[in-house]
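Only this structure's heavy atoms are used, side chains among them; waters, hydrogens and symmetry mates stay out. Since this is a predicted model, take the numbers as computed values, not measurements.
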Amino acid sequence: MTTDEQAYGSGPDRAPRGPDGAPGLRERKRRRTHRLLATTALRLVAEYGLDRVTVEHISEAAGVSARTFFNYFAVKEDALLVAYPDDERRIATLADRIEAAPAGLSPAAAVVHAWREDLARFDTDRDEWLTRLSVVAETPALTARMTRMFADEKVLTVGALARRTGLSADDPYVALVFHVVGGAVEASMDHWYRLGGTTPLVTLIDAAVSAVDGGLPLPVRTAAPAAD
């Protein structure tokens, strides 16, 4: 393990930036190592299954020590679920992004606006995310851990929605918005996966949220042409 990796670990804001505000060399190296470990873990688990892959297997395949692995992830499951090195920072700033969304957006659309950059990564790294969704669907332990990790986002989102709407965080409306948007995202993600990622995920989510905001009208389907 290098001195840089020991010193900077996986904290989102611990590495210095250059004079122009761009990430410095150490931070770029940290990000590359995070992504290398995440993609290596995904590749191995997709091939062998979670139970047959250890931290030592992932570390060896990535060319780092197990100690270095633990500078980035607490457990091997996190290497599969925390795909990007800025995930912690993105979650920490989620509430601010929801509150800063354009005033004309509905509460549901404001949440999607805040998530947009994160959701766009599904299409940027399409094959990786198609594999990740397959692995999560086939591995109950990952589904359970992802649900626990998602709890932090719920607290932040509900609080931001309460402040944005002027309602109490205990008001059932804000929790309802969170769960409705979550359902729209999940349904869109399932559709995106079935399509093999051929339609941008954000496009599908925008359509789903628009339908929610419109009262979920029955979609108009074009009838198939009659057979001769």
Side-chain angles (χ1 to χ4, degrees), residues 1-18 22-92 115 117-153 185-186 189-190 192-198 200-201:
M1 177 175 57
T2 68
T3 302
D4 292 346
E5 290 167 345
Q6 288 177 326
Y8 290 95
S10 60
D13 297 311
R14 293 170 63 186
R17 292 179 175 270
L25 176 62
R26 291 174 175 173
E27 174 65 0
R28 293 196 301 272
K29 186 174 184 179
R30 184 191 70 81
R31 294 181 182 185
R32 286 195 301 270
T33 302
H34 182 116
R35 287 291 290 149
L36 174 62
L37 288 168
T39 54
T40 300
L42 180 61
R43 174 175 58 81
L44 292 177
V45 172
E47 184 173 356
Y48 299 108
L50 181 65
D51 292 341
R52 297 179 61 190
V53 174
T54 66
V55 167
E56 288 72 22
H57 291 146
I58 298 167
S59 303
E60 181 178 356
V64 301
S65 69
R67 185 177 178 185
T68 295
F69 177 94
F70 287 117
N71 279 344
Y72 291 82
F73 304 102
V75 292
K76 64 181 180 181
E77 289 81 359
D78 288 354
L80 296 162
L81 299 176
V82 185
Y84 301 100
D86 63 344
D87 279 358
E88 287 183 36
R89 179 185 61 79
R90 298 289 300 171
I91 292 173
W115 286 348
E117 289 184 20
D118 306 89
L119 295 169
R121 286 171 162 173
F122 280 70
D123 293 292
T124 301
D125 300 316
R126 182 181 64 183
D127 291 342
E128 176 185 338
W129 276 100
L130 288 171
T131 300
R132 182 170 287 108
L133 291 177
S134 293
V135 168
V136 170
E138 296 167 359
T139 313
L142 290 176
T143 304
R145 187 162 185 82
M146 186 168 61
T147 299
R148 290 194 297 272
M149 294 170 69
F150 199 49
D152 291 338
E153 290 193 44
V185 170
E186 184 176 358
M189 204 173 290
D190 288 345
W192 180 82
Y193 179 79
R194 291 194 301 272
L195 293 173
T198 55
L201 177 60

Practice item. State which residues pass side-chain hydrogen bond (donor to acceptor under 3.5 Å, both in side chains) with Trp129; sequence neighbours excluded, sorted by chain then number. Key: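 Partners of Trp129 by the side-chain hydrogen bond (donor to acceptor under 3.5 Å, both in side chains) criterion, ordered by chain and then number, come out as Tyr84.
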
Review point. Can you name the residues that form a side-chain hydrogen bond (donor to acceptor under 3.5 Å, both in side chains) with Arg121, not counting sequence neighbours?
Key: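 In terms of side-chain hydrogen bond (donor to acceptor under 3.5 Å, both in side chains), with neighbours along the sequence ignored, Arg121 is linked to Asp86.
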
Exercise for review: Assess whether atom CD of Glu128 is packed by more than 12 heavy atoms of other residues, nucleotides or ligands within 6.0 Å.
Suggested key: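 Yes - once you tally the heavy atoms of other residues, nucleotides and ligands closer than 6.0 Å, there are more than 12.
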
Closest approach of [X] and [Y], non-hydrogen atoms and distance?
X	Y	value
Arg132	Leu80	NE-O, 2.7 Å
Ala62	Leu37	CB-CD2, 3.8 Å
Val82	Phe73	O-CE2, 3.7 Å
Glu153	Trp115	OE1-NE1, 3.9 Å

If you define the side chain from C-beta out and look only at heavy atoms, does anything of [X] sit under 4.5 Å from [Y]?
X	Y	answer
Lys29	Arg32	yes
Phe122	Pro200	no
Arg194	Asp190	yes

Practice item. Could you tell me whether the side chain of Arg35 and the main chain of Ala83 form a donor-acceptor pair under 3.5 Å? Key: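 Yes, because the side chain of Arg35 sits within donor-acceptor range (under 3.5 Å) of the backbone of Ala83.
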
Which value, rounded to the nearest 0.5 Å, describes the distance between [X] atom [atom1] and [Y] atom [atom2]?
X	Y	atom1	atom2	result
Leu195	Leu201	CG	CG	10.5 Å
Phe70	Lys76	CZ	NZ	10.0 Å
Tyr193	Leu130	OH	CG	7.0 Å
Phe69	Thr33	CZ	OG1	12.5 Å

Check your understanding: So Thr68 and Ser65, side-chain hydrogen bond (donor to acceptor under 3.5 Å, both in side chains) or not? Walk me through it.
Key -> CA-CA 5 Å; Thr68 295; Ser65 69; 3.1 Å; yes

Review item, side-chain donor-acceptor pairs of residues 141-150, under 3.5 Å, at least two apart:
residue, atom, partner, partner atom, Å
Thr143, OG1, Val136, O, 3.1
Arg145, NE, Asp78, OD1, 2.5
Arg145, NH2, Asp78, OD1, 3.2
Arg145, NH2, Asp78, OD2, 3.2
Thr147, OG1, Thr143, O, 2.9

All N/O donor-acceptor pairs, side-chain side in residues 50-58, below 3.5 Å, sequence neighbours left out:
residue, atom, partner, partner atom, Å
Thr54, OG1, Glu56, N, 3.3
Thr54, OG1, His57, N, 3.0
Thr54, OG1, His57, ND1, 3.1
His57, ND1, Thr54, N, 3.1

Point to revise | For Glu117, salt bridge (Lys or Arg N to Asp or Glu O under 4.0 Å) partners two or more places apart | key: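 Result, salt bridge (Lys or Arg N to Asp or Glu O under 4.0 Å) vs Glu117: Arg90.
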
Exercise for review: Return the set of residues passing salt bridge (Lys or Arg N to Asp or Glu O under 4.0 Å) with Arg126 (not counting sequence neighbours), or none when no residue passes.
Suggested key: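 With sequence neighbours excluded, Arg126 shows a salt bridge (Lys or Arg N to Asp or Glu O under 4.0 Å) to no residue whatsoever.
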
Point to revise | Thr40 and Arg43: CA distance, side-chain angles, deciding distance, side chain to side chain contact (heavy atoms under 4.5 Å, CB included) verdict | key: CA-CA 5 Å; Thr40 300; Arg43 174 175 58 81; 3.8 Å; yes

